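Atom set for the values below is all heavy atoms of this structure, side chains included, hydrogens, waters and symmetry mates excluded. These numbers come from a predicted model, not from an experiment. A note on names: the letters A, B, ... follow the listed sequences, proteins ahead of strands, and every chain is numbered from 1.
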Number of protein chains: 2
Amino acid sequence: MSVPNYEQIGNQLKVLAHPVRLRILDALRRDAECVCHLETLLEKPQPYVSQQLRLLREAGFIQDEKEGQNVYYRLMNDEVQSWLGAILDDPQDLTAGPLGHTQLVNCACPKCARTVTALDVT
Amino acid sequence: MSVPNYEQIGNQLKVLAHPVRLRILDALRRDAECVCHLETLLEKPQPYVSQQLRLLREAGFIQDEKEGQNVYYRLMNDEVQSWLGAILDDPQDLTAGPLGHTQLVNCACPKCARTVTALDVT
DNA sequence: ATAATATATGCAGAGTTTTGAATATACGAT
DNA sequence: ATCGTATATTCAAAACTCTGCATATATTAT
């Protein structure tokens, strides 16, 4: 029976404790997304987004998968899903309302192209 | 249906994301403790401990209760208990072993006095 | 009143995180 | 080979966090 490793857990939480990174993770709860999507969603410059993705990846929250010239990021596993559920869905005693994921399409990646075409055939 | 308040949640997590503060919270999971206890447990100077307690208090994780010249801190509510359970008891994919709370008595507060006397009658 | 004890607050230097900007890589298309 | 697109890395200045130290307050005991 060992004692929790407060350093480690603290470091993980530190990565989580950031509005933009939380928002990225929240977006990835629904589905994997490529960098360009997140760029559009967050309205932040691409290097900035890549940087946050790197931190999340290095902390083990997400994984990347190259697909053609795009890189898709998804949550690492179901444990991360539950953590995010716990953290984002029941906002402690504090402010913030319940659920309500962010939507967003409209970048030029293959995935969007597919979706748009599907809905938009002349 | 509103979207989570990432700023708020991020700020809460930021307070959690600190080894000493996690350790304090872990200690308070079992029972309320006075400052002097935590001082002994953490082996940190009293002003330092009080400062961390303040952050935890202001973030809504703990509450204080004056009792004579001591101040006892306890977790704010059962939601905090569950958060801590989730965070400290199943250490993500990361390192750290399972459970195993920290023990510690031996300061001169009334509570300790009681305990020690109870076990230690001549 | 005065002293002693328990806890809180304020402040500052060292260290770390954040974010923007420039640049690099990798890959597919021409 | 060259170009264009998607993503990654590097660096540095500003902002913020951490922690130690000095000091303040509040309560009880003498």
Side-chain angles (χ1 to χ4, degrees), chain A residues 6-7 10-24 27-28 32-59 62-74 105-114, chain B residues 6-7 10-24 27-28 32-59 62-74 105-114:
Chain A
Y6 304 106
E7 279 293 341
N11 286 337
Q12 279 247 307
L13 287 174
K14 213 179 293 181
V15 175
L16 232 46
H18 185 288
V20 170
R21 292 195 290 267
L22 281 173
R23 211 171 152 199
I24 291 175
L28 297 185
E33 300 291 1
C34 64
V35 180
C36 63
H37 259 101
L38 298 170
E39 205 181 327
T40 314
L41 169 61
L42 303 170
E43 301 182 278
K44 298 275 180 189
Q46 175 274 316
Y48 178 85
V49 175
S50 272
Q51 234 161 159
Q52 305 307 337
L53 287 169
R54 165 150 65 153
L55 291 175
L56 288 170
R57 175 162 29 81
E58 287 177 352
I62 62 179
Q63 69 192 119
D64 56 346
E65 193 188 343
K66 217 155 282 190
E67 201 184 312
Q69 43 184 10
N70 297 88
V71 175
Y72 285 85
Y73 280 92
R74 70 183 66 257
V105 260
N106 266 23
C107 82
C109 70
K111 192 181 161 197
C112 283
R114 256 178 273 125
Chain B
Y6 303 105
E7 279 294 340
N11 287 337
Q12 279 245 308
L13 287 173
K14 215 179 291 182
V15 175
L16 232 46
H18 184 288
V20 170
R21 293 195 289 268
L22 281 173
R23 210 170 154 199
I24 291 175
L28 298 185
E33 300 291 1
C34 63
V35 180
C36 63
H37 259 99
L38 299 170
E39 204 181 327
T40 313
L41 169 63
L42 304 170
E43 301 181 279
K44 298 277 181 189
Q46 174 275 318
Y48 178 85
V49 175
S50 274
Q51 235 161 157
Q52 304 308 336
L53 287 169
R54 167 151 64 153
L55 292 176
L56 288 169
R57 176 162 28 83
E58 287 176 353
I62 62 179
Q63 70 192 117
D64 57 346
E65 193 189 341
K66 216 156 282 188
E67 203 184 312
Q69 42 183 10
N70 297 88
V71 175
Y72 284 85
Y73 280 92
R74 72 183 66 256
V105 261
N106 266 23
C107 83
C109 71
K111 192 183 162 195
C112 282
R114 255 179 273 128

Those residues at least two apart in sequence (or on a different chain) that pass side-chain contact (heavy atoms from CB on, under 4.5 Å) with Gln52(B) are His18(B), Val20(B), Arg21(B), Ile24(B), Tyr48(B), Leu55(B)

Calculate, to the nearest 0.5 Å, the distance between atoms CG and OH belonging to Leu53(A) and Tyr73(A) respectively.
5.0 Å

5' to 3' contact window, DNA chain D with chain A (heavy-atom distance under 4.0 Å)
dT5(D) to dC11(D)

Can you measure from CD (Glu67(B)) to SG (Cys109(B)) and round to the nearest 0.5 angstrom?
9.5 Å

Take nucleotides 19-26 of chain C nucleotide by nucleotide from the 5' end and write B, S or -, depending on whether a protein heavy atom sits under 4.0 Å from the base, only from the sugar-phosphate, or from neither.
BBBB----

Checking Arg23(B) against Leu41(B) for the side-chain contact (heavy atoms from CB on, under 4.5 Å) test, could you report, in this order, the C-alpha distance in whole Å, the side-chain angles of both residues, the deciding distance, and whether it holds?
CA-CA 9 Å; Arg23(B) 210 170 154 199; Leu41(B) 169 63; 4.1 Å; yes

Need to verify one output field. Residue with the more 5' nearest nucleotide on DNA chain C, Leu55(A) or Val35(B)?
Val35(B)

Looking at Glu43(B), I'd like to know if its CD atom is crowded, meaning that more than 12 non-hydrogen atoms belonging to other residues, nucleotides or ligands lie closer than 6.0 Å.
no

Just the atom pairs and distances: protein N or O near nucleotides 13-16 of chain C's N or O, under 3.5 Å.
none

For Cys34(B), which contact category applies under a 4.0 Å heavy-atom criterion: base, sugar-phosphate, or nothing?
sugar-phosphate

At 4.0 Å (heavy atoms only), tell me whether Arg54(B) reaches a base, stays on the sugar-phosphate, or touches nothing.
sugar-phosphate

For Gly68(A), report the nucleic acid contact type (base, sugar-phosphate, nothing); a contact means any heavy atom under 4.0 Å.
nothing

Which residues pass the salt bridge (charged side-chain N to carboxylate O under 4.0 Å, His left out) test with Arg57(A), sequence neighbours left out?
Asp64(A)

Stepwise side-chain contact (heavy atoms from CB on, under 4.5 Å) test for Cys36(B) and Asn70(B)
CA-CA 8 Å; Cys36(B) 63; Asn70(B) 297 88; 4.2 Å; yes

Point-to-point distance, once rounded to the nearest 0.5 Å, from CD1 of Ile62(B) to CG of Leu56(B)
4.5 Å

So what does Tyr72(A) touch, heavy atoms closer than 4.0 Å: a base, only the sugar-phosphate, or nothing?
nothing

For Arg74(A), what residues pass the salt bridge (charged side-chain N to carboxylate O under 4.0 Å, His left out) criterion, not counting sequence neighbours?
Glu65(A)

Asn11(A)/Lys14(A) under side-chain contact (heavy atoms from CB on, under 4.5 Å): CA gap, chis, key distance, verdict
CA-CA 5 Å; Asn11(A) 286 337; Lys14(A) 213 179 293 181; 3.8 Å; yes

Nearest 0.5 Å, what's the CD-CG distance between Gln12(A) and Leu13(B)?
12.0 Å

